[in-house]
Amino acid sequence: MIHTKIVHIEPENIDEKKLQEAAETLRAGGIVAFPTETVYGLGANALDEEAVKKVFKAKGRPSDNPLIVHISEIEEIYDLVIEVSSKAKMLMKTFWPGPLTLLFQKSNKIPNRITAGLDTVAIRMPIHPVARKLIKLAEVPVAAPSANLSGRPSPTRPEHVIEDLKGKVDIIISGGNCSVGVESTVLDITGDVPIILRPGGITREQLEEVLGQVDADKALKGDTDQKPRSPGMKYTHYSPRGEVIIISGNLDDIVETIQKLQEEKEDLGLKVGIMATDETKERYKKGIVISMGSRKKSASIAANLFAVLRQFDEESADIIFAESIEEKSLGYAVMNRMLKAAGYNVICAGGEKN
Ligand code: TXA
Ligand code: MG
């Protein structure tokens with residue numbers, strides 16, 4: 001156990017003195033959890049291999065899973081990569097600062113531990129004012145995975161970070177809830193056609209508007225014969241302690257199937273959780289019913305998703321039935337995280353094929 005200092009920073013009214021201490025801790029090789037617009041990150045000086053090691057240790061993260069390097073200004077990228085293509089420049093201009101992570105051929109300034117031996121490095125420039133200011137004050141690029149224990153849902157609220165990392169990191173900056181709620185989109189632009197390795201805060205539709213054709217990594221569909229090109233996508237992830245099962249189909253069939261399964265599981269003495277939506281929550285009369293938000297607003301579902309998954313732990317749900325949602329806009333990233341939380345366990349309600 002190490003002593004963890006918890007520092008409150010108001011994103012709309014940043015106290016620079018308080019943030020300066022966190023920046024100095026980063027520069028001196030310490031590790032600091034901080035808010036971003038997507039999820040909280042656990043940061044270390046990206047140029048300091050020993051500091052980066054501490055991040056892997058605190059999270060219990062497998063060493064073959066590379067980290068994203070965060071910068072505060074576009075110019076900072078030129079030291080870290082070999083080349084910035086015109087496609088990359090266009091994407092940076094359109095989506096940075098913001099929840100898009102791009103892959104580049106790495107320069108030799110980036111320690112191999114960050115990229116887990118790959119010759120590409122993932123880089124993003126967050127838009128959250130605390131994240132931006134912290135990186136700027138630290139005057140170093142900041143390697144940061146999500147600030148959760150490996151395997152758990154990513155933290156979108158300060159209490160999630162405190163729950164997972166208190167006693168394991170030097171500083172936790174508590175700076176409110178994350179507005180996007182799912183992690184950044186990871187996009188490989190090193191080949192001819194850009195490939196989404198992880199769907200996230202910048203939607204496929206947004207990317208297609210700028211790029212035309214965009215592919216998705218085949219492994220995203222849960223095809224276990226395909227090795228994911230983003231190493232992190234192969235791990236079970238986002239999992240609450242209870243078993244998660246997704247129910248897909250048309251909405252009435254979903255609700256009826258969940259009601260039936262709930263009866264069965266409760267008869268066995270299990271505590272049942274239901275991940276519902278605003279449109280359906282009143283239809284469940286029993287169990288731990290938590291709405292993810294309105295089906296009409298995938299952004300609100302994204303913002304709540306990880307907090308809802310953690311809530312089922314607090315309620316000690318043994319089994320969680322989750323309604324599937326439409327894979328449009330942020331719904332694509334939401335369904336990706338739900339499928340991973342469920343280990344791709346999906347029941348098609350009404351018997352139709354998925
Ligand atoms: O929104 C986010 O991206 C958050 C915040 C903190 O910025 N960070 C985050 O980091 O989600 P992490 O470490 O939890 O997820 C990084 C993902 C992993 O799936 C990892 O495998 C992938 O990015 N990744 C990192 N470097 C890569 C590379 N060179 N090639 C392919 N995938 C890479
Ligand atoms: Mg993560």
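Order of appearance sets the numbers: ligands from 1, and atoms from 1 within every ligand. We number each residue from 1, following the sequence as shown.
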Checklist entry - Salt-bridged, Glu159 to Arg157, with N to O below 4.0 Å? => result no
Checklist entry - Between Asp164 and Arg152, is there a salt bridge with N-O shorter than 4.0 Å? => result yes
Item to check | Tyr40 N/O under 3.5 Å from ligand 1 N/O | outcome: no
Checklist entry - Is the closest heavy-atom distance from Glu37 to ligand 1 below 4.0 Å? => result no
Next on the checklist: To the closest 0.5 Å, what do you measure between CE (Met1) and NZ (Lys168)?
Outcome noted: 7.5 Å
Checklist entry - Among the clusters formed by ILVMFWY side chains lying less than 4.5 Å apart, do Ile77 and Ile82 turn up in the same one? => result no
Item to check | Any Lys106 heavy atom less than 4.0 Å to ligand 1 | outcome: no
Next on the checklist: Any N/O/S atom, side chain or main chain, of Ser154 closer to the Mg ion (ligand 2) than 2.8 Å?
Outcome noted: no
Item to check | Sub-3.5 Å N/O-N/O distance, Lys59 and ligand 1 | outcome: no
Checklist entry - Counting heavy atoms only, which part of Asp188 comes closer than 4.0 Å to ligand 1: side chain, backbone, both or neither? => result neither
Item to check | Lys133, NZ: over 12 other non-hydrogen atoms inside 6.0 angstrom | outcome: no
Next on the checklist: Evaluate Thr38 for polar contact with ligand 1, using N/O atom pairs at a separation under 3.5 Å.
Outcome noted: yes
Checklist entry - Is ligand 1 less than 4.0 angstrom away from at least one heavy atom of Pro99? => result no
Checklist entry - Do any heavy atoms of Thr115 fall under 4.0 Å from ligand 1? => result no
Item to check | Presence of salt bridge, Arg204 and Glu208, under 4.0 angstrom | outcome: yes
